[in-house]
Amino acid sequence: MITHGIQTPRLTEFTKHDVVDSIALNFSRAFRQHLAHHNDVLDVDRFVDWLDISTEWDFFDETDSSSCFARIDPGVDDLIQINQNYQDLFETRPDVYRVCLCHEIGHLVLGHCSYFATANHPSLFEDDDSKPPNFLHKNSWAQYGLSSQDVRKHQLALKKAQEQLVKIAIVDPKANQDLRDLNDKFEPEWMFWQAEHFSRCITIPSDRLFEILDSRPLYSGWRSIGELASVFEVPLGTMKTRLTKLKLITMDENGVPSPTRTPQETQLLL
């Protein structure tokens, strides 16, 4: 991957999201300068070309509990694999394609793959040679099509399955392998959320967002959030989370978003 001279610190599970936001903004500004024209919609295919990241379409095996839109094999340099099972979805929802691909770009930009190459992962078993997950990949449960109750139910079921396997894994080789396979299906949670935050920040760079809000302030309700999502061509949920993380909106007791402060006030706090 070509970094274009942009320095990225080594991230850990304790790295704050503000650091990820700053990294994304640096890449966003450099890419926009490279394009030499103004467009608030990230051309993600040109972005991966600029970074010298390869992409390929392939059919993925999936579990019953989650969908894998795209993934990265930490053992293959600078390659994003996109699930061809969802090609029709991506063609009809380019906003979903954009944020999914940026999630995987985030893993590469933030150096998550190098972590697997060097880290001494803790193990439940003293004689276990640590093995990294097979893939870093984008899951769809929380982002698209499932309620928070569905997500929570799935997470509890996964945790329960892991706990049951841990109890018998020491004496049962098959359970030992099942536990590893279960853990291998998903990237570490902190990496997932860092890559997810990078995706929001690179598709909705804070400098452009604040410029727009200077002339088009937020108001209560979903309409202004939907208008902003259309400007950057991202899913409504992506824009809502971006504004929430920046503390520009809050949700009232009826689930209706309301502005909390002006962009100028927010910038003073960053």
Side-chain angles (χ1 to χ4, degrees), residues 1-31 42 44 47-48 50-53 69-75 77-80 98-123 130-139 141-143 151 155 159 183-210 232 234 237-249 266-270:
M1 187 185 81
I2 299 175
T3 63
H4 300 280
I6 299 170
Q7 299 296 316
T8 301
R10 183 169 176 80
L11 275 63
T12 72
E13 60 186 303
F14 305 108
T15 302
K16 294 183 178 180
H17 276 184
D18 288 350
V19 175
V20 176
D21 200 333
S22 178
I23 293 169
L25 184 58
N26 287 337
F27 275 92
S28 174
R29 284 172 169 164
F31 180 59
L42 176 66
V44 69
F47 188 49
V48 295
W50 180 69
L51 293 171
D52 198 25
I53 296 171
F69 289 159
R71 69 188 186 186
I72 291 175
D73 182 346
D77 290 339
D78 302 337
L79 173 66
I80 297 173
R98 182 172 295 106
V99 296
C100 283
L101 202 55
C102 284
H103 177 102
E104 305 306 330
I105 294 170
H107 282 309
L108 295 173
V109 167
L110 301 176
H112 291 160
C113 292
S114 65
Y115 170 89
F116 289 115
T118 60
N120 181 21
H121 290 279
S123 172
S130 296
K131 184 181 73 172
N134 292 328
F135 295 100
L136 300 176
H137 69 257
K138 170 80 171 180
N139 300 312
W141 346 313
Q143 290 72 24
V151 175
Q155 290 172 335
K159 183 178 180 181
N183 288 328
D184 283 355
K185 294 181 188 304
F186 307 108
E187 63 217 49
E189 187 174 356
W190 66 270
M191 291 188 183
F192 173 84
W193 289 115
Q194 284 183 3
E196 194 71 1
H197 192 59
F198 178 89
S199 176
R200 290 189 290 264
C201 296
I202 197 70
T203 55
I204 313 167
S206 58
D207 59 347
R208 280 298 301 145
L209 177 62
F210 291 143
F232 293 95
V234 297
T238 298
M239 179 57 70
K240 176 253 183 184
T241 303
R242 182 72 165 124
L243 296 172
T244 301
K245 292 286 185 182
L246 288 169
K247 296 181 172 57
L248 289 172
I249 62 170
T266 298
Q267 284 181 296
L268 291 174
L269 297 175
L270 294 179

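Numbering of residues begins at 1 and proceeds along the displayed sequence.
- In this structure, the separation between CZ on Arg200 and OG1 on Thr241 is 5.5 Å, given to the nearest 0.5 Å.
- Residues Cys102 and Phe198 come closest through the heavy atom pair O-CD2, 3.6 Å.
- Atoms NE2 and CE, from His103 and Met191 in turn, are 11.0 Å apart once rounded to the nearest 0.5 Å.
- Side-chain atoms of Ile80 and Leu101, non-hydrogen and from C-beta on, do get closer than 4.5 Å to each other.
- Of the possible donor and acceptor atoms, none in the side chain of Ser199 sits under 3.5 Å from a partner among the backbone N and O of Ala195.
- Atom CG of Asn26 sits about 10.0 Å away from atom CG of Asp21, to the nearest 0.5 Å.
- Taking 4.5 Å as the limit, every side-chain heavy atom of Ile105 sits out of range of all side-chain heavy atoms of Ile202.
- With rounding to the nearest 0.5 angstrom, the CG atom of Asp18 is 7.0 Å from the NE2 atom of His197.
- Counting all heavy atoms, side chain and backbone alike, Thr3 lies closest to Phe27 at O-CE2, 3.8 Å.
- Taking every heavy atom of both residues into account, Trp193 and His17 meet most closely at O-NE2, 3.8 Å.
- For the atom pair Ile204 CD1 and Phe232 CZ, the distance stands at 6.5 Å (nearest 0.5 Å).
- Here the side chains of Leu248 and Phe210 are in contact, with some heavy-atom distance below 4.5 Å.
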Let me see the working for His112 and Trp190 under side chain to side chain contact (heavy atoms under 4.5 Å, CB included), right down to the final yes or no. CA-CA 10 Å; His112 291 160; Trp190 66 270; 4.1 Å; yes
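- Within the 4.5 Å cutoff, the side chain of Ile6 has no heavy atoms near those of the Val109 side chain.
- Minimum interatomic distance between Ser114 and Arg10 (heavy atoms only, all atoms of both residues): OG-NH1, 3.5 Å.
- Residues Thr8 and Leu110 approach most closely at CG2-CA, 4.4 Å, considering heavy atoms.
- Taken to the nearest 0.5 Å, the CG atom of Leu108 stands 6.0 Å off from the CG atom of Asp78.
- Under the 3.5 Å distance criterion, the side-chain polar atoms of His4 are left unmatched by any main-chain donor or acceptor of Phe31.
- One N or O on the side chain of Arg98 and one on the backbone of Leu42 form a donor-acceptor pair closer than 3.5 Å.
- At distances below 3.5 Å, at least one donor-acceptor pair connects side-chain atoms of Gln194 with backbone N or O atoms of Thr12.
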